[in-house]
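So you know, we letter chains A, B, ... as the sequences are listed, proteins then strands, and number each from 1. This one's a predicted model, so the numbers in the text were calculated from it and none came from an experiment.
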2 protein chains.
Amino acid sequence: MSGDQAQKVAALERALRDKGVRITRQRAALLSVLAAAGDHPDATELHRRAREIDASVSLSTVYRTLSLLEGQSVVQRHAFEGAPSRFETADAAHHDHIIDLETGDVIEFYSERIERLQAEIAAEHGYELVHHRMELYCRKAGPRAGKRGRRRRSEGDFEG
Amino acid sequence: MSGDQAQKVAALERALRDKGVRITRQRAALLSVLAAAGDHPDATELHRRAREIDASVSLSTVYRTLSLLEGQSVVQRHAFEGAPSRFETADAAHHDHIIDLETGDVIEFYSERIERLQAEIAAEHGYELVHHRMELYCRKAGPRAGKRGRRRRSEGDFEG
DNA sequence: GTGTGTGCAAATACTTTGCACTACA
DNA sequence: TGTAGTGCAAAGTATTTGCACACAC
């Protein structure tokens with residue numbers, strides 16, 4: 001684990017403790033797995049990784065801890081189509097996801113324009129947007145489309 | 001059932017038969033339930049309604065038929081957050097959904113601008129958009145926000 | 001008639017929960 | 001040391017499937 005990750009875990013633990021959450025061996029293991037994860041693992045995968053740190057961690061505890069951390073806004077749960085929920089730490093800025101239908105890879109992106117439009121649309125219907133979900137299920141484009149060189153990065157957008 | 005619905009069911013049955021799909025009592029029952037549904041019922045609710053027409057319809061058959069109809073693009077499945085999948089006939093134009101977090105009500109909307117942006121974003125990342133999912137989880141706005149009188153209906157957008 | 005569709009019950013996949021024991025604060 | 005957390009096994013929820021019988025074409 002890099003120093004960065006160790007720091008991230010320490011900060012998370014401190015914040016949780018301040019909120020009265022006990023840091024057990026199992027929770028510490030899961031927190032460091034989550035901090036180290038650059039991807040979007042599901043509960044089973046997180047369990048597998050946590051076991052490498054502490055073999056005693058059970059799958060129930062993984063689920064219980066994930067729910068707890070979700071409630072504390074430490075992790076975010078994503079229920080993509082026809083697959084178990086996948087998790088990521090909630091420290092990054094809000095973003096949406098592109099799911100590669102062939103590989104299952106998840107690419108993060110953010111579009112200021114889409115965020116704005118969504119809020120507008122909700123308001124137009126007399127609603128206040130609490131949260132949203134936007135997933136683009138895609139397949140790698142052919143040679144013509146989406147040439148990297150032609151790409152114009154729009155202000156307010158980024159690639160995750 | 002209105003004449004419109006009867007016609008809709010007849011057209012669906014014809015189209016399915018032409019594709020070699022047998023129209024059984026159970027499938028006919030489900031088709032008429034689907035044609036009559038103005039909402040987004042889940043499998044259990046569709047089962048309940050289908051039983052009113054033909055008491056012999058089993059839940060397995062409802063699931064099997066829904067999968068079949070989904071494959072034939074006759075119905076669309078929507079897996080909203082933390083709830084069983086909900087279904088609607090696929091005859092209407094493509095649209096996205098606002099989900100009222102308090103009542104579970106589903107409001108349909110369509111935004112040409114969002115559709116365009118999604119395709120653009122996928123292309124920018126070297127992907128071809130196969131399909132997407134966009135759901136706005138909302139709560140009724142307070143008296144200030146979203147005044148109906150102030151609403152500007154943007155070209156290309158409609159309310160379902 | 002014949003092959004597809006059906007009901008039923010059991011299986012599946014993911015997730016939650018009851019209970020007795022453990023360990024953090 | 002007391003209460004919140006844990007592992008385990010069992011239950012729960014949504015959905016799918018194997019099998020013998022039924023029925024649409």
Side-chain angles (χ1 to χ4, degrees), chain A residues 9-10 12-33 40-48 50-51 53-72 74-87 104, chain B residues 9-10 12-33 40-48 50-51 53-72 74-87 104:
Chain A
V9 173
L12 282 174
E13 291 190 2
R14 211 175 314 119
L16 286 166
R17 249 188 268 264
D18 287 351
K19 292 196 236 179
V21 173
R22 285 193 188 177
I23 303 303
T24 61
R25 269 185 302 120
Q26 294 88 337
R27 288 179 182 175
L30 192 55
L31 283 172
S32 75
V33 165
H40 297 69
D42 63 18
T44 309
E45 174 61 18
L46 288 168
H47 181 217
R48 205 189 55 66
R51 270 173 176 289
I53 299 176
D54 178 342
S56 84
V57 181
S58 77
L59 184 56
S60 319
T61 292
V62 170
Y63 275 112
R64 274 192 280 235
T65 304
L66 286 171
S67 296
L68 172 80
L69 296 179
E70 190 187 12
Q72 301 288 344
V74 170
V75 305
Q76 268 212 267
R77 176 192 307 256
H78 301 292
F80 299 136
E81 281 187 354
S85 292
R86 298 168 70 165
F87 300 84
Chain B
V9 173
L12 282 174
E13 292 190 2
R14 212 176 312 120
L16 286 167
R17 248 187 272 262
D18 287 351
K19 292 196 236 180
V21 174
R22 286 192 188 176
I23 303 303
T24 61
R25 270 184 302 116
Q26 294 89 338
R27 289 179 181 174
L30 192 54
L31 283 172
S32 74
V33 165
H40 298 70
D42 61 21
T44 310
E45 174 62 16
L46 288 168
H47 181 218
R48 205 188 55 68
R51 270 173 177 290
I53 298 175
D54 179 341
S56 84
V57 182
S58 77
L59 184 56
S60 318
T61 293
V62 170
Y63 275 112
R64 274 191 278 235
T65 304
L66 286 171
S67 295
L68 172 79
L69 296 179
E70 191 187 11
Q72 300 289 345
V74 170
V75 304
Q76 267 213 268
R77 177 193 306 258
H78 301 293
F80 300 136
E81 281 187 352
S85 292
R86 298 168 71 165
F87 300 83

Next item on the list: When you get a sec, tell me which of dA14(D), dT16(C), dA23(C) is the closest nucleotide to the side chain of R25(A)?
Entry: dA23(C)
Checklist line | Closest non-hydrogen atom pair between A50(B) and A29(B), with its separation | finding: O-CB, 4.3 Å
Next item on the list: Would you mind reading off the distance between R64(A) atom CZ and dG18(C) atom P, rounded to a whole angstrom?
Entry: 10 Å
Notebook entry, point to check: Nearest to the side chain of R22(B), which nucleotide is it out of dG3(C), dC14(C), dT6(D)?
Noted result: dG3(C)
Next item on the list: Select one nucleotide: of dT16(D), dT6(D), dA25(C), the one nearest the side-chain heavy atoms of I23(A).
Entry: dA25(C)
Next item on the list: Using a 4.0 Å heavy-atom cut-off across all strands, classify T44(A) as base, sugar-phosphate, or nothing.
Entry: nothing
Notebook entry, point to check: How far does CZ of R27(A) sit from CG of D54(A), to the nearest 0.5 angstrom?
Noted result: 13.5 Å
Note to self: Let me spell it out: for each of Q26(B) and R77(B), pick the nucleotide of DNA chain D with the closest heavy atom. Which residue's pick is nearer the 5' end?
What the structure shows: R77(B)
Notebook entry, point to check: Please give, in whole Å, the distance from dT17(C) C1' to L66(A) CG?
Noted result: 16 Å
Checklist line | Atom-to-atom span, CG of L30(A) to P of dG7(D) - whole angstrom | finding: 11 Å
Note to self: Of the options dG7(D), dT15(C), dG5(C), whose atoms approach the side-chain atoms of A43(A) most closely?
What the structure shows: dT15(C)
Check: What's the spacing between Y63(B) OH and L30(B) CG if we round to 0.5 Å?
Finding: 12.0 Å
Item checked: Nucleotide dG5(D), atom P - distance to OH of Y63(A) in whole Å -> 20 Å
Margin query: What is the separation between atom CD on E13(B) and atom C1' on dA24(D), rounded to the nearest whole Å?
Written below: 12 Å
Margin query: On the nucleotide dT15(C), are OP1 or OP2 found under 4.0 Å from the side-chain N or O atoms that S67(A) carries?
Written below: no
Notebook entry, point to check: Between dG5(C) atom P and D54(B) atom CG, what is the distance in whole Å?
Noted result: 17 Å
Item checked: Distance in angstrom units between R27(B) CZ and dT6(C) P, rounded -> 4 Å
Next item on the list: Assign R17(B) to base, sugar-phosphate, or nothing according to its heavy-atom contacts below 4.0 angstrom with the strands shown.
Entry: sugar-phosphate
Margin query: Is S56(B) close enough to dG7(C) that one of its side-chain N or O atoms is under 4.0 Å from OP1 or OP2 there?
Written below: yes
Checklist line | CD-OG1 distance between Q72(A) and T65(A), expressed to the nearest 0.5 angstrom | finding: 12.0 Å
Notebook entry, point to check: With a 4.0 Å cut-off on heavy atoms, is T24(A) in touch with a base, just the backbone sugar-phosphate, or nothing at all?
Noted result: sugar-phosphate
Note to self: If I take atom CG in residue D18(B) and atom C1' in nucleotide dA24(D), what distance separates them, rounded to the nearest angstrom?
What the structure shows: 16 Å
Item checked: V9(B), L16(B), L12(B) screened by side-chain contact (heavy atoms from CB on, under 4.5 Å) with I23(B), the one that passes -> L16(B)
